[in-house]
Amino acid sequence: MTRWVKTLGVLIRKEWRLEWRSKELFTLLACNAVLFSVLVGAGVSSAVLDAATAEKIYPMLLWVVFMLSTTTAVTRFNEQELEGRGFEGLLLSGVSGAQMYLAKVVLMTLFFSVSFVFLALLLALSLDKEVSAILSSLCLVGIGASSALAALLTLLAAVASTSKLKGILLPIISIPVLFPVFLCGMEMTTELVLNGALAEGSPWPLVLLCAETLYLVAGINLFEMAVRE
Amino acid sequence: MLEVRDVTKTFGQLSVLKRLSLSCAPGDVTLLVGANGAGKSTLLRIVAGLSRPDSGSVNRSSDRIGFLSHHLFLYGKLSVRENMRLFASVRGSQDSEQLIERLELSKVIDRPLCELSKGTQARVGIARTFLERPRLVLLDEPTSNLDEKGTALLLAEIQRRQVETDGECVTLVATHDLHRMASIATRVVVLAEGKVFVDSGSGASAEIVAQVLDRYREVNR
């Protein structure tokens, strides 16, 4: 078990180094966040919505932009594995597909979480909305949803990695499957925006946890099959 | 020990391996020769466990496999040192310093793999192949990017591995470079149309190996 966890740590460091050198995921997430926020902000402003309406639609806009931003950013996530077939080298060295998958999920969760906070602030700024009072709770919702998104997108990015149409294929196949995460995230954010905290007995954290567990189980069992020839 | 039994592999309508059987004893350095499309690379990938046969089985006595092919199985954005550390860490194997020195890679150890020449990349591939002290060495066209010196270093590593394992290491080499690889071969297997066409048998003498290779050259002339 110790050896298994140690190997996982080595793989997470490898993922970090690869991202640090290429900065592909970071750049795409940051660019998408800015682009979509500016577009949505400008669109809502030009629609002459009053402040109260803008506040009501903030959660929905935040999650639409976040989902679009993440699903379009991960299209090249497995590119470096495919270039030199590094993943096959790891398989030959006795690394399991589950370890490779979890290492990628951890790194993707980290980047998605940072992206979510950045996006929440950026969108609040463009809609002139105050979120500092609920920021810590919003971060927790973002981390929870990010880990669920990462769990599924890591698997789907591997499935789509050999397709020439992966740029468009990935958002198309992932958005419908990610709907539970979208719904949970949006409902929890709405509760935070309207009440300042999650409603007592809110079912959404549990639904999110169930969806994430399902994605993780699928990813752990199917990732190796997806990356193998 | 390696036992390949009745392995069949098809890609779409193309049947690449047809109930191929082959067994290799410890210490065998087997040259797999055959025309393009004979099934050499497919056989090696199946033996390595990277590809699954449609039917048949592969039994290996060890899961310590060193596989070198035109894919380096390395990360281009990482330096030579980082790649070696990564693969040494996951297997918990030997320190790579001596191997790096033997393959004359010390000068490029901190450079990203993608910035190196093809020949130097191939040497790094050799280092990764032998890093984990393999008991089964699979080499797919190993000399295709190597110069004379690189080939000499590769042959030395193959022989060193045999000595280190007291002749227990099984080596399979798919190659067209018969001239350079024949010097270390103890067996030649000719593949044709997905089957074993000629087999010199285990522990063949240099003369028998040369005879089989001469016959193969004549047939393919």
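Scope of the values below: all heavy atoms of this structure, side chains included, with no hydrogens, waters or symmetry mates. If you're wondering where the values come from, they're calculated on a predicted model, not measured in any experiment. Sequence lines set the chain letters: A, B, ... in the order given, protein chains first and strands last, and positions in each chain run from 1.
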Give a yes or no on whether [X] atom [atom1] has more than 12 heavy-atom contacts from other residues, nucleotides or ligands under 6.0 Å away.
X: B/Lys195; atom1: NZ; answer: no
X: B/Arg5; atom1: CZ; answer: no
X: B/Glu193; atom1: CD; answer: no
X: A/Lys23; atom1: NZ; answer: yes
X: A/Phe182; atom1: CZ; answer: yes
X: B/Arg81; atom1: CZ; answer: yes

Please report the interatomic distance [atom1]([X]) to [atom2]([Y]), rounded to the nearest 0.5 Å.
X: A/Ser93; Y: B/Arg128; atom1: OG; atom2: CZ; answer: 7.0 Å
X: A/Glu83; Y: B/Leu113; atom1: CD; atom2: CG; answer: 11.0 Å
X: B/Tyr75; Y: A/Glu15; atom1: OH; atom2: CD; answer: 7.0 Å
X: B/Ser89; Y: A/Arg13; atom1: OG; atom2: CZ; answer: 7.0 Å

Counting heavy-atom pairs closer than 4.5 Å to chain B, which one of A/Leu8, A/Leu18, A/Leu92, A/Leu91 comes out on top?
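Top option by heavy-atom pairs under 4.5 Å: A/Leu92.
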Part of B/Glu82 lying under 4.5 Å from any heavy atom of chain A
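Looking at B/Glu82, just its side chain touches chain A.
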Please flag which part of B/Leu86 lies under 4.5 Å from any non-hydrogen atom of chain A: side chain, backbone, both or neither.
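Both backbone and side chain.
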Ion pair present between A/Glu88 and B/Arg45, side-chain N to carboxylate O less than 4.0 angstrom?
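A salt bridge links A/Glu88 with B/Arg45.
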Should A/Glu19 and B/Lys77 count as an ion pair when the cut-off is N to O under 4.0 Å?
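Not counted as a salt bridge, because no side-chain N and carboxylate O are separated by less than 4.0 Å.
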Given side chains that start at C-beta, do those of [X] and [Y] come closer than 4.5 Å, heavy atoms only?
X: B/Leu78; Y: A/Arg17; value: yes
X: B/Pro112; Y: A/Arg21; value: no
X: B/Phe87; Y: A/Val95; value: no

